[in-house]
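Reading through the structure tokens given below for one structure.
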Amino acid sequence: MDDSRAVEGFTILAIETSCDETAAAIIRDGRVIIANVVSSQMALHERYGGVVPEMASRQHILHIAPVIEEAVAALPGGFEEIHAVATTYGPGLAGALLSGINAAKAVAWARGLPLIGVNHLEGHIYSNWLIPEKPEERRAREARGEPPPVHEPPQFPLICLIVSGGHTSLVLLRGHGDYQLLGQTRDDAVGEAFDKTARLLGLGYPGGPAIERIADGGQRGRLQLPRAWLKDSYDFSFSGVKTAVLHQVEARKSHIGSGKEERARPLVELDPQFTAQLAAAFQESVVDVLATKTAEAARAFGAREVLLAGGVAANQALRKRLSQVVEVPVRYPPLWLCTDNAAMIGAAAYYRYEAGLKGWDLTAVPNLRLA
Ligand code: KG4
Ligand code: ZN
């Protein structure tokens, strides 16, 4: 393998198309966000209550070229300024991943640049290395002649809790690229549990933000839902609490309905107070288990920091609870870096490049594992 030390100002074009966001970013020195373009398909998939894989692939193919062009336009020298191209190659939807991989290969081949494949989960973890300054904020600051914000990179060893629509993993990092998977979900991912529960309650998609919003109106402690502790393991399980919500909804329906009238009653007619209490109880149960196990892992492995990553890291109740129970600093990215984006892929790619991890034998690996 040739020498892979990144030169100063090393600039990566990163691409992310593993699910329902078509994204491209320009990342400098692994931490500075020069461009961050995200074209979301959320509105399209919303009416189906989840991501439709074939539609996602088609949308990626339609949007990937303009999204890349918009990102590269942030560089005065355009493609000339790029040192490497990175793309997510798994886990994710096969067709969706392929659109990003093909686009990355095309650019890298045409420009004679190295190609770096990134695990989507690794990307979520490395969102915590990015200096959380939007490109327009950075330009405005530079125009004022002010220095960049101080943002120390995370300190190893650390524990990262990855919580997204497809994953729930507790990971120990001893150094860059040195991952140990401590535990993961045995059934639903936590975001998936939020989405399915929101559906049961007649709330919209994506379910996480909908549940969080409505849970604020539900009085805490009025309703208790079960917690799956799975003793002596860092694994998680969320299907039980979701089923408990279903039972509560069904019991309520048969309680409020009578005779024939009951069958015609849609879920959305659950009274708002009850729905809010159920949403609050669900969120409390999930947050309790996630935060408790993360705090235990941090203690057991002497972590200097705890990182939160993935779409569910946007949840304020989870952030608050973690900072209460974890004894070391808890770090999480700003909201706009929690959900899928290509900036995080560029950050992870930088450290992979430095470790000599690049090459052309890149293909979509839908069930790619982290460790
Ligand atoms: O990381 P992400 O954007 O996509 C995946 O790679 O899965 O995560 C999306 C997931 C969805 O399940 C969504 O419901 C959840 O993150 N989510 C939230 C919140 N915002 C997004 N879950 C709980 N609370 C939130 N505020
Ligand atoms: Zn994600």
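Both ligands and their constituent atoms are indexed starting at 1 by order of listing. Predicted, not measured: the structure shown is a model, and the values here were computed from it. Residues take their numbers from the sequence shown, with the count starting at 1.
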Under 3.5 Å donor-acceptor, Glu16 side chain and Ser18 backbone: yes

Under 3.5 Å: donor-acceptor pair, side chain of Asp232, backbone of Leu230: no

Using heavy atoms and a 4.0 Å limit, tell me yes or no: is [X] in contact with ligand 1?
X	answer
His124	yes
Glu21	no
Cys19	no

Shortest non-hydrogen contact from Leu357 toward Ile116: O-CG2, 3.7 Å

CG-CD1 distance between Asp340 and Ile345, expressed to the nearest 0.5 angstrom: 8.0 Å

Gap between atom CZ of Phe238 and atom OG1 of Thr168 - 0.5 Å precision: 5.0 Å

His124 N/O/S atom closer than 2.8 Å to the Zn ion (ligand 2): yes

N, O or S atom of His120 closer to the Zn ion (ligand 2) than 2.8 Å: yes

N or O contact, Gly165 vs ligand 1, cut-off under 3.5 Å: yes

Close N or O approach (Asp195, ligand 1; < 3.5 Å): yes

Minimum-distance atom from the Zn ion (ligand 2) among N, O or S atoms of Asp340: OD1

Worked verdict on Glu21 versus Ser40 for side chain to side chain donor-acceptor pair (under 3.5 Å): CA-CA 5 Å; Glu21 324 280 354; Ser40 177; 3.1 Å; yes

Steps toward side chain to side chain donor-acceptor pair (under 3.5 Å) verdict (Arg31, His151): CA-CA 10 Å; Arg31 305 192 63 209; His151 186 265; 2.8 Å; yes

Option whose closest heavy atom lies nearest to atom 16 (O) of ligand 1, chosen from Gly191, Gly311, Gly166, Ser127: Gly311

Heavy-atom proximity to atom 24 (N) of ligand 1, best of Asn315, Leu335, Ile162: Asn315

Ligand 1 contact on His167 by region, counting heavy-atom pairs under 4.0 Å: neither

NZ or CZ of Lys105 within 45° of Trp360 ring axis and under 6.0 Å: no

NZ or CZ of Arg304 within 45° of Phe156 ring axis and under 6.0 Å: no

Of the protein's non-hydrogen atoms, which lies at the shortest distance from [atom], and what is that distance?
atom	answer
atom 3 (O) of ligand 1	Asp340 N, 3.3 Å
atom 22 (N) of ligand 1	Gly208 CA, 3.2 Å
atom 15 (C) of ligand 1	Val312 CG2, 3.8 Å
atom 26 (N) of ligand 1	Glu212 OE1, 2.7 Å

Gly207 neighbourhood, listing ligand 1 atoms whose heavy-atom distance to it stays under 4.0 Å: 14 (O)

Evaluation steps, side chain to side chain donor-acceptor pair (under 3.5 Å), between Asp20 and Gln59: CA-CA 9 Å; Asp20 59 345; Gln59 291 299 310; over 6 Å; no

